[in-house]
Amino acid sequence: DYLAKPFANSELVARVRARIREPENPRREPRPQTVGRAGPELDYFQRQVVMSNGQTVDLTAKEFFLLSYMLQRSPASCSRAELLAGVWGTTFDSENGGNLLEVHISRLRSKLANTKIVTVRNVGYRLVTA
């Protein structure tokens with residue numbers, strides 16, 4: 001909400017009260033989801049990944065967001081530009097992006113050994129959940 005100057009204090013108070021009465025934010029984070037049938041579970045509230053054997057895996061914030069973004073788009077493939085924009089909020093082109101994405105994908109693959117992150121040639125990456 002935006003309130004232009006000059007404004008009356010009563011207008012400000014009325015807008016604050018209206019915002020408080022609004023229902024919860026519709027962009028709430030989703031409930032925990034599972035990658036694959038017996039794969040790891042992403043707990044969005046604890047920001048952790050729990051493997052099928054109950055073991056937790058420590059991921060950095062970017063690795064967690066990258067896995068989450070790919071899970072939400074699964075089974076579709078994600079291009080490099082999509083992943084860079086969706087996770088890092090940047091608009092790198094293929095040449096200027098460096099190997100930032102490849103490094104994070106490689107780390108995810110090593111930490112989540114049983115989860116398949118497939119390289120789709122000339123497109124990007126796909127998280128296989130089946």
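A distance of 12.0 Å separates OG of S79 from CG of N122, quoted to the nearest 0.5 Å. Summarising the geometry, atom NE2 belonging to H104 is positioned 12.0 Å from atom CG belonging to L83; distances are rounded to the nearest 0.5 Å. Rounded to the nearest 0.5 angstrom, S110 OG and I105 CD1 are separated by 11.0 Å. Atom-to-atom distance recorded for I117:CD1 and L108:CG is 4.5 Å, nearest 0.5 angstrom.
Minimum interatomic distance between A76 and R126 (heavy atoms only, all atoms of both residues): O-CG, 3.9 Å. Minimum heavy-atom separation, E102 to R80: OE2-NE, 2.9 Å. Closest heavy-atom contact between L66 and V87: CA-CG2, 3.8 Å. Shortest non-hydrogen contact noted between Y69 and C78 is CE2-SG, 4.3 Å.
Identified under the salt bridge (charged side-chain N to carboxylate O under 4.0 Å, His left out) test for residues 59-70, with sequence neighbours left out: E63-K111.
Residues passing the side chain to side chain donor-acceptor pair (under 3.5 Å) test with E11, sequence neighbours excluded: R15. For T119, the side chain to side chain donor-acceptor pair (under 3.5 Å) criterion is met by R109, not counting sequence neighbours. Scored by the side chain to side chain donor-acceptor pair (under 3.5 Å) test, R73 finds E82 as partners (sequence neighbours excluded).
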Derivation and outcome, side chain to side chain contact (heavy atoms under 4.5 Å, CB included), residues D58 and V49: CA-CA 7 Å; D58 293 327; V49 177; over 6 Å; no
From CA spacing to verdict: side chain to side chain contact (heavy atoms under 4.5 Å, CB included), Y125, V118: CA-CA 6 Å; Y125 299 96; V118 179; over 6 Å; no
Step-by-step side chain to side chain contact (heavy atoms under 4.5 Å, CB included) determination, F65 to M70: CA-CA 8 Å; F65 288 133; M70 291 179 73; over 6 Å; no
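V120 belongs to a hydrophobic cluster with V123, counting contacts under 4.5 Å between side-chain heavy atoms of Ile, Leu, Val, Met, Phe, Trp and Tyr, direct or through other members. Through side-chain heavy atoms spaced under 4.5 Å, either directly or across other Ile, Leu, Val, Met, Phe, Trp or Tyr residues, V13 is tied to no other residue.
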